[in-house]
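One structure is given below, encoded as C-alpha cells.
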2 protein chains.
Amino acid sequence: MKTDPKSKADLSAQIAKAIRDAIIEGRMIVDERLPSEAELSEQFNVSRPTVREALKRLAAQSLIRTQRGAFGGAFVNRLSYEEAYGQHITTSTLLLSMNGVNFDVACEARYALERACTPMAAARRDPDHLATMRAEIHRQAQPGLSDEGFCASDVTFHRALVDAAGNPVLSYQLAGAVEAMQPLMNMITFTARSRGEIVTLHTRIADAIEARDADAAEIALRELETYTLHLGRDVMAARAQNS
Amino acid sequence: MKTDPKSKADLSAQIAKAIRDAIIEGRMIVDERLPSEAELSEQFNVSRPTVREALKRLAAQSLIRTQRGAFGGAFVNRLSYEEAYGQHITTSTLLLSMNGVNFDVACEARYALERACTPMAAARRDPDHLATMRAEIHRQAQPGLSDEGFCASDVTFHRALVDAAGNPVLSYQLAGAVEAMQPLMNMITFTARSRGEIVTLHTRIADAIEARDADAAEIALRELETYTLHLGRDVMAARAQNS
DNA sequence: TGCCTTTAAAATGTCAGACATTTAAATGTA
DNA sequence: TACATTTAAATGTCTGACATTTTAAAGGCA
C-alpha cells in the first residue's frame, strides 16, 4: 500500500486514497479488518491523528466502519443500497442546487429516466408497488396537505413507480434524479387546480401500470412532464417579474 | 448549529452532520468561509483534532475545500460536475462489486437508461460527439487493442452518446451506470468475432445518431444489449463450469 | 465440573499543547 | 511606484496522555 509523494495532497488524503484504491481494486475484501491505527501510523510513517483523519474520510464514504473495543478496529464495509442511496441523493441534490441547474434541464433528465423504467414496471409491477402508488394518490387528494407534504408524496409515488421495475440498480440510479428534484419542486405552490391535474395524471399512470400497458403509462408520464414544466416556468416567470 | 447528543454517534460525525445539514439546507452558501478550527472547537465544545476529523469527513464528500495560510480556512465548495461524477462512479462501482450484482441486472439498467438518452442525442448531437464516437469505433477495430483498452474505449463511446443528449444532469446520472459496468465488462474476453459484432453495432448507432434517426439508434442499442447479455452469460456459464 | 463474575488487554474516541508550513496582507525600502 | 521583507493567521502534523468500549481470558464459587 504505497502513497504517492509527488501529489501535493495532505498526508491524510494520500493515505485515504491508498486504502480506497486497495478496496476498489479488490485487494481488500468486504469485512476484512484494516490494521489498527497504531499499525497504520507505523506503516505509513505518520502520526495517529493523521491516520485517523484518513479513516474518517473513508468512513464518510461508507467505505469502512469502525468498532470500538478489543478485537475492534476498522473494517471494509459492504456498501448497502441504503447507504449508496444516501450518498447519491446528497450529491445529486447539492449538484443541482449549487450549480443553479435550470428547472427544465432537471425536469427533462428526471422524466427521461423515469420513462425508461415504465416498460419494466408495467411488466413486473407487484401488488405492493401498486398499493403504494394508490395510497400516495389518495394522500395527494387530501385538501389539508401542505405543499411540502404534496411534494414528498409525489416523490414516494414516483419511487414506487421506479421500484416496480424490479431492478435495484435502476432504482438506485433513479433515486438521485427523483429526490434531487424535490427542492426545485418545493418552490412551486400547488393550487387546488394543479393538484387535481397531477392526481389525474398519477391515476392514469397507476391504471396503466396495473393494466400492464407500458405505452399508456409512457404517454401519461410525458403529459405529466409537460405539465410540470409549465408549472415550473410559471414560477420562474413570476420570480423574474418580482426581481 | 446544534448537535444532537441523543444520537450515539462520534462527536466528529455529529459535528460533520450539523455542518452538512447547514450546507444542504442553504444556511451556508457556496464559497462562504467556515469558522476556523479553533473557533469551531469552541463553538462545539470539543478539541481541535475532533473538529478536524469532522472537516475531513466533509472534505471527502467535496462539501468543503480547505486553504492553508492567513485568510485561509475551510470554505463551502461548489460541487462541480467533475467531483460529483467521481463520487457517483466510486459509489456505483463499489455497490455493484460488493453486492455481487448480477450481470443481467446491471446490463438491463444501463441500457434502459442509455436508451432514454437516444431521442435527445439524435435531436441535439453536435459534430464533437460524433467525432468522438467515430474515433472510438476506429480504435475498437484495431487488432492490437487489449481487452481493457477495448472496454475503456467502449465506455468513452457510450459516454459520448450520452453527452450528445446535451443534458448535463442526464450525463451525470448515467456516468454511474455506464462506468460502474466496466469492471463487469472487463471480465469478458473479447474475441475478434465479438469485437467485430460490437463495432458493427456501434457504427449503426453512430450512423443513426448522425442521421438524427432516434428509432434506428434505439433498435441498434437494444440489439447491443442483447448481444452483451449473451457475452456475459457465456462468461458466467464458463465460470460456473470451472468451479 | 460448570457457570458466573471479575479482570485485563486491545482498540478506538477524545483532549491538550506544541511546532511546522503555507499564504497573503502589511510594512519597509530603494 | 515597485519590490523585498516581515508578520500574523490559519491549516497541517506530531507527541503523549487519558477515557471509553468491548471482548476474551482468568478466577471464584456452588
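Convention: sequence-line order gives letters A, B, ...; per-chain numbering from 1. These numbers come from the heavy atoms of this one structure, side chains and all, not from hydrogens, waters or symmetry mates.
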On DNA chain C, check which nucleotide each of A:Gly73 and A:Pro49 is closest to and give me the residue with the more 5' one.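 Upstream on the strand: A:Gly73.
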
Test: B:Arg52 and A:Asp10 ion pair at under 4.0 Å: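 Salt bridge between B:Arg52 and A:Asp10, a charged N being under 4.0 Å from a carboxylate O: no.
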
Regarding B:Glu53 and B:Lys56, does a basic nitrogen lie under 4.0 Å from an acidic carboxylate oxygen?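 No salt bridge links B:Glu53 with B:Lys56.
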
Look at all strands and tell whether A:Arg65 reaches a base, only sugar-phosphate, or nothing, counting heavy atoms closer than 4.0 Å.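 Since no nucleic acid heavy atom lies under 4.0 Å of A:Arg65, the category is nothing.
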
Taking only residues at least two apart or on different chains, which pairs with a member in residues 58-79 of chain B satisfy ring-ring contact (aromatic ring centres under 6.0 Å, His included)?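 As it turns out, there is no ring-ring contact (aromatic ring centres under 6.0 Å, His included) pair with a partner in residues 58-79 of chain B once direct neighbours are skipped.
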
Closest to the A:Ser47 side chain, choosing from D:dT13, D:dT22, C:dT12: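 Looking only at side-chain atoms, A:Ser47 lies closest to D:dT13.
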
Nearest-angstrom distance from the residue atom [atom1] of [X] to [atom2] of [N]:
| X | N | atom1 | atom2 | answer |
| --- | --- | --- | --- | --- |
| B:Arg33 | C:dT23 | CZ | C1' | 13 Å |
| A:Asp10 | D:dC14 | CG | C1' | 15 Å |
| A:Phe71 | C:dA10 | CZ | P | 9 Å |
| B:Glu53 | D:dG12 | CD | C1' | 14 Å |
| B:Ile15 | C:dT14 | CD1 | P | 8 Å |
| A:Glu39 | C:dA10 | CD | C1' | 11 Å |
| A:Glu42 | C:dA11 | CD | P | 12 Å |
| A:Arg52 | C:dA11 | CZ | C1' | 11 Å |

What do the steps show when you test B:Tyr111 against B:Leu113 for side chain to side chain contact (heavy atoms under 4.5 Å, CB included), and what is the final call? CA-CA 5 Å; B:Tyr111 282 101; B:Leu113 295 175; over 6 Å; no

Do the side-chain N or O atoms of [X] get closer than 4.0 angstrom to the phosphate oxygens (OP1, OP2) of [N]?
| X | N | value |
| --- | --- | --- |
| B:Ser36 | D:dA9 | no |
| A:Thr66 | C:dG13 | yes |
| A:Thr50 | D:dC14 | yes |
| B:Arg48 | D:dA10 | no |

Counting distance alone, no hydrogens or angles: does the base of D:dT20 have a donor or acceptor under 3.5 Å from a partner atom on the side chain of A:Arg68?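 Yes.
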
B:Phe190 and B:Phe150: aromatic ring centres closer than 6.0 Å?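 Yes, the ring centres sit under 6.0 Å apart.
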
I'd like to know if the side chain of A:Glu225 pairs up with that of A:Thr228 as donor and acceptor (distance under 3.5 Å, no hydrogens or angles considered).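 On atom types as modelled, these side chains do not qualify, holding no pair under 3.5 Å.
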
Would you say the side-chain atoms of A:Gln140 and A:Ser153 include a donor-acceptor pair closer than 3.5 Å?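 Short answer, yes.
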
Show each protein N/O and nucleotides 4-7 of chain C N/O combination with a separation under 3.5 Å, one pair to a line.
none

